[in-house]
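Structure first, then comments.
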Amino acid sequence: MSTNTDVSLSSYDEDQGSKLIRKAKEAPFVPIGMAGFAAIVAYGLYKLKSRGNTKMSVHLIHMRVAAQGFVVGAMTLGMGYSMYQEFWAKPKH
């Protein structure tokens with residue numbers, strides 16, 4: 001059994017920052033979805049003090065639904081964007 005010692009390890013040499021930037025360029029809606037999720041959660045935690053008569057569980061459910069809705073929306077837009085690039089934006093040969 002022979003082993004290939006000429007394997008390039010360039011993908012292993014990539015640090016976390018450049019890997020994140022490369023992945024963000026490949027799928028730009030993933031970091032947008034993550035940022036939106038984090039922003040909605042941060043806003044929910046900020047508004048936690050001034051929720052009035054709303055129960056804690058109802059407030060948390062509303063924040064969860066809003067955050068999940070944003071992520072699903074970003075995923076849907078990302079799929080539409082990738083479909084556009086794959087089928088319509090490519091030059092026809």
Side-chain angles (χ1 to χ4, degrees):
M1 179 177 215
S2 67
T3 60
N4 187 1
T5 57
D6 296 332
V7 174
S8 174
L9 298 176
S10 64
S11 63
Y12 296 109
D13 295 337
E14 189 175 34
D15 65 342
Q16 293 295 327
S18 62
K19 183 176 181 179
L20 179 65
I21 291 170
R22 180 177 55 83
K23 291 286 188 178
K25 286 179 183 177
E26 290 173 5
F29 286 95
V30 172
I32 292 170
M34 291 169 50
F37 178 82
I40 290 171
V41 168
Y43 178 74
L45 290 174
Y46 175 74
K47 286 296 196 179
L48 194 61
K49 289 182 181 179
S50 63
R51 69 181 189 275
N53 287 341
T54 308
K55 287 185 177 181
M56 171 77 84
S57 62
V58 173
H59 178 74
L60 293 176
I61 288 171
H62 287 163
M63 289 300 109
R64 186 197 63 153
V65 168
Q68 285 178 333
F70 189 90
V71 170
V72 169
M75 288 172 54
T76 303
L77 288 174
M79 287 298 295
Y81 178 73
S82 66
M83 286 175 60
Y84 171 76
Q85 281 191 328
E86 186 174 338
F87 296 114
W88 291 288
K90 278 188 175 180
K92 308 267 187 210
H93 312 219

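All of these numbers come straight from a predicted model, not from anything done at the bench.
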TODO: Check whether more than 12 heavy atoms from other residues, nucleotides or ligands sit under 6.0 Å from atom CD of Gln16, and answer yes or no.
DONE: no
Open item on the list: If I take atom CZ from residue Arg64 and atom OG from residue Ser57, how far apart are they, to the nearest 0.5 angstrom?
Closed with: 11.5 Å
Task: Remaining members of the apolar cluster that contains Ile61, side-chain heavy atoms under 4.5 Å - done: Val65
TODO: Please name the pair of heavy atoms, one in Ala24 and one in Pro31, separated by the smallest distance, quoted to 0.1 Å.
DONE: CB-CG, 3.7 Å
Task: Heavy-atom closest pair, residues Ala74 and Phe29 - done: O-CB, 3.5 Å
Open item on the list: If hydrophobic clusters are built from ILVMFWY residues whose side chains come within less than 4.5 Å, do Met75 and Met34 share one?
Closed with: no
Task: Distance (rounded to the nearest 0.5 Å) between Leu60 CG and Leu45 CG - done: 8.5 Å
- [ ] Report yes or no: does His62 contribute a side-chain atom to a donor-acceptor pair with the main-chain N or O of Gly44 at less than 3.5 Å?
- [x] no
Task: CG-OH distance between Leu77 and Tyr84, expressed to the nearest 0.5 angstrom - done: 14.5 Å
Open item on the list: Do Val41 and Val71 land in one hydrophobic cluster if side-chain heavy atoms of ILVMFWY residues count as linked below 4.5 Å?
Closed with: yes
Open item on the list: Between Arg22 and Lys25, is the side chain to side chain contact (heavy atoms under 4.5 Å, CB included) condition met? List the steps.
Closed with: CA-CA 5 Å; Arg22 180 177 55 83; Lys25 286 179 183 177; 5.9 Å; no
Open item on the list: Within a 6.0 Å radius of atom CZ on Phe70, are there more than 12 heavy atoms belonging to other residues, nucleotides or ligands?
Closed with: yes
- [ ] State, to 0.1 Å, how close Arg51 and Lys55 come at their nearest heavy-atom pair, and which atoms those are.
- [x] NE-C, 4.0 Å
Open item on the list: Which residues pass the side chain to side chain contact (heavy atoms under 4.5 Å, CB included) test with Tyr43, not counting sequence neighbours?
Closed with: Lys47
Open item on the list: If you compare all heavy atoms of Tyr81 against all heavy atoms of Pro28, which two are closest, and at what distance to 0.1 Å?
Closed with: CE2-CG, 3.8 Å
TODO: Starting at CE of Met56, measure out to NE2 of His59 and round the result to the nearest 0.5 Å.
DONE: 7.5 Å
